[in-house]
Amino acid sequence: SVQKITSNRLSLPGQYDVFTTHPFNIQNNFANINLKNLLKNNLPSLDDNEGNITLYWAKNDTTVVLDAFDYSRDLHNALFSVSEREGVALERIGTESSTNLAANWTSASSVKTGAPGTPTLPNSQRLDAPTVGDDNLIELSAERLSPDFDGFEDFLDIRYALPETGFAATVTIFDSEGIPVKRIVRQELIGTEGALRWDGDLDDSTRAKPGIYILFVELYAPSGITERIKKAVAVVSRF
């Protein structure tokens, strides 16, 4: 269904306005938010499992799509069970990355507002993308992660920039004994630039124990050349 945004309001850069059918529900459930940025507006109901949200401008016979997002519950942190995902907001990690890049979305932290979401505030899980230099094909946001859902380094952001199209990739996490414990992608065709994400989960759906792990990236060029990259990553926990 379609609902028209009726508010006549100037939104400045860096301002986070929230359109909601029930502003008092948000006010009562989230602390430390900017109440003046809660805007009452009828909105279509959204399916919990998957769906599409499209923001567009239309006048006369002209329609301009501003952005569109195909969402699903699979975009949540991999360590969350189905029941734990209920009521948790999905947050975009980087504003510069593609809207529909799966690795660019994850579960919100509840540290800032007391509830898993940050309406009217910057996303709790936002990251500035690391710059991938000419001499590196892979860059990490940090060489560690602490998957405790506090909004700080909850996941490992893996950015890549490749010199040509047609690359395929296999990305695997090994433990300190050299045993593969998580296969992030396996011989998957990837774009010239983008991101992958490790939530600290293992192939058996359990959480990685604190310690040193190895990120092993194999890149297969169309020419047949293979690039192999290893980076040490620490999984840490709060004491």
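If you're wondering where the values come from, they're calculated on a predicted model, not measured in any experiment.
Judged by distance alone, the side chain of Asn32 and the main-chain N or O of Thr113 form no donor-acceptor pair under 3.5 Å. Using modelled atom types, no side-chain atom of Asn37 and backbone atom of Pro119 make a donor-acceptor pair closer than 3.5 Å. One N or O on the side chain of Ser124 and one on the backbone of Ser109 form a donor-acceptor pair closer than 3.5 Å. The closest donor-acceptor contact from the side chain of Asn104 to the backbone of Asn100 lies at 3.5 Å or more, if one exists at all. Thr21 contributes a side-chain N or O that, together with a main-chain N or O of Leu43, makes up a donor-acceptor pair within less than 3.5 Å. A distance-only check finds a donor-acceptor pair linking the side chain of Asp199 to the backbone of Ala78 [under 3.5 Å]. Side-chain atoms of Thr170 come within 3.5 Å of backbone atoms of Gln187 as a donor-acceptor pair (strictly under, hydrogens ignored). A distance-only check finds no donor-acceptor pair linking the side chain of Asn123 to the backbone of Ile93 [under 3.5 Å].
Going from atom CG of Leu137 over to atom CZ of Phe167 covers 7.0 Å, rounded to the nearest 0.5 Å. In this structure, CZ in Arg9 is found 8.0 Å from NZ in Lys36, a value given to the nearest 0.5 Å. The CD atom of Glu177 lies 10.0 Å from the OH atom of Tyr213; values are rounded to the nearest 0.5 Å. Here Arg197 contributes atom CZ and Ile184 contributes atom CD1; the two are 10.0 Å apart, rounded to the nearest 0.5 Å. Rounded to the nearest 0.5 angstrom, Arg159 CZ and Leu196 CG are separated by 9.5 Å. With rounding to the nearest 0.5 Å, the separation of OG in Ser107 from CG in Leu90 is 6.0 Å.
Shortest non-hydrogen contact noted between Leu38 and Pro23 is CD1-O, 3.8 Å. The two atoms that bring Thr54 and Ala68 nearest to each other are OG1-CB, 3.6 Å, heavy atoms only. Here the closest non-hydrogen pair linking Asn77 and Asp154 is ND2-O, 4.4 Å. Across every non-hydrogen atom of Asp67 and Arg92, the tightest pair is OD2-NH1, 3.7 Å. Across all non-hydrogen atoms, the minimal contact from Ala89 to Gly117 is CB-CA, 4.0 Å. A pairwise comparison of heavy atoms in Val235 and Ala208 identifies CG1-O, 3.9 Å as the closest pair.
Here the rule is salt bridge (Lys or Arg N to Asp or Glu O under 4.0 Å) with Asp201, and of Arg207, Lys209, Lys182 only Lys182 fits it.
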Q.
Working note: Thr6 + Lys40, criterion side chain to side chain contact (heavy atoms under 4.5 Å, CB included); need CA distance, chi angles, decisive distance, verdict.
A. CA-CA 9 Å; Thr6 56; Lys40 182 176 174 58; over 6 Å; no

Q.
If you apply the rule side chain to side chain contact (heavy atoms under 4.5 Å, CB included), what do you find for Leu79 with Phe149, and how did you get there?
A. CA-CA 10 Å; Leu79 291 171; Phe149 315 121; 3.9 Å; yes

Q: Step by step, work out the side-chain hydrogen bond (donor to acceptor under 3.5 Å, both in side chains) result for Arg126 and Thr95.
A: CA-CA 8 Å; Arg126 74 190 188 282; Thr95 57; over 6 Å; no

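Summarising the local packing, CD of Glu193 is surrounded by 12 or fewer heavy atoms from other residues, nucleotides or ligands at distances under 6.0 Å. Other residues, nucleotides and ligands contribute more than 12 heavy atoms inside 6.0 Å of the CD atom of Glu84. Within 6.0 Å of atom CD in Glu218, more than 12 heavy atoms from other residues, nucleotides or ligands are found, so the atom counts as buried in its surroundings.
In the hydrophobic clustering of ILVMFWY residues, with side-chain heavy atoms under 4.5 Å counting as a link, Leu75 and Trp198 come out apart. Under the 4.5 Å side-chain heavy-atom criterion for Ile, Leu, Val, Met, Phe, Trp and Tyr, Leu46 and Phe19 are members of distinct hydrophobic clusters. Connection of Ile158 to Leu101 is not established within any shared hydrophobic cluster, with ILVMFWY side chains joined at heavy-atom distances below 4.5 Å, either directly or through further cluster members. No chain of hydrophobic side-chain contacts below 4.5 Å, direct or via other Ile, Leu, Val, Met, Phe, Trp or Tyr residues, connects Leu66 to Phe69. Put simply, Ile190 and Val185 are part of the same group of oily side chains (I, L, V, M, F, W, Y) that touch within less than 4.5 Å, one to the next.
Between Glu86 and Arg73 a salt bridge is recorded (basic side-chain N to carboxylate O distance below 4.0 Å). Look at Arg183 and Asp203 and you find a salt bridge, because one of the NZ, NE, NH1 or NH2 atoms lies within 4.0 Å of a carboxylate O, short of that distance.
Between Asn41 and Gln3, the side chains place no donor N or O within less than 3.5 Å of an acceptor N or O (distance only, hydrogens not considered). Between the side chains of Ser237 and Asp148, no donor-acceptor pair is found at a separation under 3.5 Å.
The distance between the ring centers of Tyr71 and Trp105 does not fall below 6.0 angstrom.
Between Gln125 and Phe155 the shortest side-chain heavy-atom distance falls below 4.5 Å. Between Ile5 and Leu39, the closest side-chain pair of non-hydrogen atoms is not below 4.5 Å.
Applying the ring pair (Phe, Tyr, Trp, His ring centres under 6.0 Å) criterion to Phe30, with sequence neighbours excluded, gives no partner residue.
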